[in-house]
2 protein chains.
Amino acid sequence: MAATIKDVADLAGVNPSTVSRVLNNAGLAVKEETRQRIMEAVRILNYKPNAVARSLRTRFTQLLGMVIPDISNPFFSILFKGAEAAASEKGFNIILGNTDDQKAREEALIQELRDRQVDGLILATAQVDGALENMSLEGYPYVFVNRRPRETAGRYVVADNIKGAKLAIDHLVALGHTRIAHISGPLYTDVGLARLEGYRLALKDHGLPFSFENVVESEHNEEAGYWSALELFRKSPEVTAIFAANDPIAIGVMTAVYERGLEIPGDISLVGYNDLPVVSKLRPPLTSVRLPLFEMGYKAAEMLIKIISGEPLEQDGIVLEPRLMVRESTARMKG
Amino acid sequence: MAATIKDVADLAGVNPSTVSRVLNNAGLAVKEETRQRIMEAVRILNYKPNAVARSLRTRFTQLLGMVIPDISNPFFSILFKGAEAAASEKGFNIILGNTDDQKAREEALIQELRDRQVDGLILATAQVDGALENMSLEGYPYVFVNRRPRETAGRYVVADNIKGAKLAIDHLVALGHTRIAHISGPLYTDVGLARLEGYRLALKDHGLPFSFENVVESEHNEEAGYWSALELFRKSPEVTAIFAANDPIAIGVMTAVYERGLEIPGDISLVGYNDLPVVSKLRPPLTSVRLPLFEMGYKAAEMLIKIISGEPLEQDGIVLEPRLMVRESTARMKG
DNA sequence: TTGAAAGCGCTACCAT
DNA sequence: ATGGTAGCGCTTTCAA
């Protein structure tokens, strides 16, 4: 049986409250000699405070909940790493829950975590609503990461998707491309919409026409990317560059391009988004927009802990800058 | 403020202990009418038991700790997913800690998790010792996954590395290769040793000579794989097939092979290990030994929960079977 | 079938 | 500077 605070108090010949004072209130009045005796007893008994008992009393668990669609996706696992790094610096740990992108699981998980009395939630998931309204209503601390809630209020840490899309298009235009297509993500998501918007704005900036002929809406995965590329070739066979809304889509596009007997970047320049580790290993290595994922996770946890601690926030949201990783899938326009 | 069991009891006009009985001991004697009244009160107040208070009383947190070197490595994140799936089925959640392969962080983390009173630990990390001895001494529940402890006692869930290596070599031999090299992992790890042993045994099975000329010891990463391949080419330029101890090593080998102006699989057949998602995207897609990672994580959590619940275990360890995913990096011997 | 009460280990308030 | 004590919310034993 592990030693309790009472054991320490008995051994040191003091009251448990004194032990607690020594251990917790660094700046509080305790005679040096008493402190010594107590620390010695702690050492002898190898005493570790019981976090559960402390939590019950203080009403803080020093535990964060993080809800993620798919931890095996490096995108999210790097977010988690960032969050964990910040949390651990402040003495917090994180309960991680994977939703497999299922809304029911997501809501159940949020409830589960709250019942466990986690001090706050980091939400990296797509759709939250019912559970969320309760949360904001009751003033429960939570922070969105990689997603900026539209309807619901809430703090967030995101990357600038409009800027990211512009980086991609600027690059392609600089290489001489004018017929640039976009395979967008789902347009019911803020991410999908923002990247499309960035694409549109960048074309406009460069005096290039925007046309829905050159846009195909896709899901955020490889297979959907493949089929969307086929559809694009049907609609607009003359494009010379494609900006894909994320890397898996871009990988699907690659397959479709090769099937058509075309070369990358010889015939088609291709840009992805997120810069997952895998894309630098592709042939050719993919040019992609990199998000500061670790930093996003870090800042989200940091922000959440500030909210929990009642520290004032300078801002409700943090928007981080993406940057373009240029690789071999993009090249100067032929001719 | 959230409702407590006392609020429910008051509303239902009963004692808190009766509420507790209704909520927890499904099979216990409670008059149907009372139960109804209580459930109604629970509903009205939207009562959720406070897990912290319950944990303090029952001495179980229904929380598992999982220690992982690097969650952004898909190898580990899939292990985690499996563990989380099993845990969540049994009403457990998992606190995940990332160690970045740093021993100090690892030990601190284990201590942290124990102080939090997690009911048990799943250890996917490389080196644990000091902290571990305490754990086994005090009968604290823990399970190793993907690693079978040598010196320390302990339950484990691993894949059969000797078998996996044999699968790789059998395949290469079947393709007509006889000069098969092995770039091994670190030989101070059980994983590295076991794969080397499988390589040696398989050669013997096929009546092929084993020689240290054809073995280079490497670290488990891409760069080390690259340098090890260079060393191999120096020692044994005539090899026609290479079995790499894991996928990152194999990727490093690829780079070295291409630099030498050789083709895969034309000149050199190459087999990796772990079958990370990325390897099917390489050019050529890599033949690799696949481990049932999700299942390993699942079984590890399941085993741990059994230990926690005091259920008897049929066995101290579970060894799962790998299988070979044949792709285009291996081909029949020329000539 | 239900109630009363103790107590898990800790902190924080109030005394002294 | 330190001790005493109440109580966080729950479960569980004992009694009725």
Side-chain angles (χ1 to χ4, degrees), chain A residues 1-42 45-63 91 112 114-119 309, chain B residues 1-42 45-63 91 112 114-119 309:
Chain A
M1 217 60 251
T4 71
I5 199 170
K6 184 162 183 313
D7 300 325
V8 175
D10 289 350
L11 183 58
V14 296
N15 190 283
S17 58
T18 307
V19 177
S20 175
R21 227 164 305 165
V22 168
L23 263 33
N24 299 313
N25 302 339
L28 231 126
V30 178
K31 211 202 294 172
E32 183 54 26
E33 190 235 308
T34 316
R35 143 178 270 102
Q36 296 286 344
R37 229 167 348 114
I38 289 174
M39 293 314 284
E40 179 63 8
V42 164
L45 298 174
N46 188 29
Y47 168 71
K48 312 282 179 196
N50 180 319
V52 172
R54 169 181 287 164
S55 297
L56 180 59
R57 179 64 231 228
T58 63
R59 306 176 117 342
F60 287 99
T61 54
Q62 304 274 103
L63 231 33
E112 240 173 86
R114 293 198 58 186
D115 295 348
R116 281 204 181 280
Q117 315 292 122
V118 299
D119 293 337
S309 321
Chain B
M1 216 58 249
T4 72
I5 199 170
K6 185 164 180 311
D7 299 325
V8 175
D10 289 350
L11 182 58
V14 297
N15 189 281
S17 59
T18 308
V19 177
S20 175
R21 227 163 303 164
V22 167
L23 263 34
N24 299 313
N25 303 336
L28 231 126
V30 178
K31 211 203 293 174
E32 183 53 26
E33 192 235 307
T34 315
R35 141 179 271 103
Q36 296 286 344
R37 231 168 346 116
I38 290 175
M39 294 313 285
E40 180 62 9
V42 164
L45 297 174
N46 188 28
Y47 168 72
K48 312 282 180 194
N50 180 318
V52 172
R54 169 182 285 165
S55 296
L56 180 59
R57 178 64 230 227
T58 62
R59 307 175 120 334
F60 287 98
T61 54
Q62 304 276 102
L63 229 36
E112 241 172 85
R114 295 198 54 185
D115 295 348
R116 282 203 181 279
Q117 317 291 123
V118 300
D119 293 336
S309 321

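Numbered from 1 within each chain, the chains take letters A, B, ... in sequence-line order.
The phosphate of D:dT11 has neither OP1 nor OP2 within less than 4.0 Å of any side-chain N or O from B:Ser17. Between A:Thr18 and D:dG3 there is a side-chain polar atom (N or O) within less than 4.0 angstrom of OP1 or OP2. The shortest distance between the side-chain N/O atoms of B:Asn50 and the OP1/OP2 oxygens of D:dC10 is not below 4.0 Å. OP1 or OP2 of C:dT11 has not a single side-chain nitrogen or oxygen of A:Arg59 nearer than 4.0 Å. Side-chain N/O atoms of B:Ser55 include none lying less than 4.0 angstrom from OP1 or OP2 on D:dC10. Of the side-chain N and O atoms in A:Asn15, none sit less than 4.0 angstrom from OP1 or OP2 of D:dT2.
Among C:dT2, D:dT11, D:dA1, the nucleotide with an atom closest to any side-chain atom of B:Arg54 is D:dT11. Minimum atom distance to the side chain of B:Arg57 is reached by D:dC10, of the listed C:dA4, D:dC10, C:dC10.
By the 4.5 Å heavy-atom criterion applied to side chains, B:Asn50 and B:Thr4 are not counted as neighbours.
No side-chain donor from either of B:Gln36 and B:Glu40 sits under 3.5 Å from a side-chain acceptor of the other.
Within 4.0 Å of A:Thr4, counting heavy atoms only, lie sugar-phosphate atoms of the nucleic acid but no base atom. Using a 4.0 Å heavy-atom cutoff across all strands shown, B:Tyr47 reaches sugar-phosphate atoms only and no base atom.
Nearest-nucleotide assignment on DNA chain C puts the 5′-proximal partner with B:Val14, out of A:Lys6 and B:Val14. The residue among B:Thr58 and B:Gly13 whose nearest nucleotide of DNA chain C lies closer to the 5′ end is B:Gly13. Projected onto DNA chain D by closest heavy-atom contact, A:Leu56 and B:Asn24 fall at different nucleotides, the more 5' of which corresponds to A:Leu56.
For DNA chain D, each stem of at least three Watson-Crick or G-U pairs (distances under 3.5 Å) is given as range with range: C:1-16 with D:1-16.
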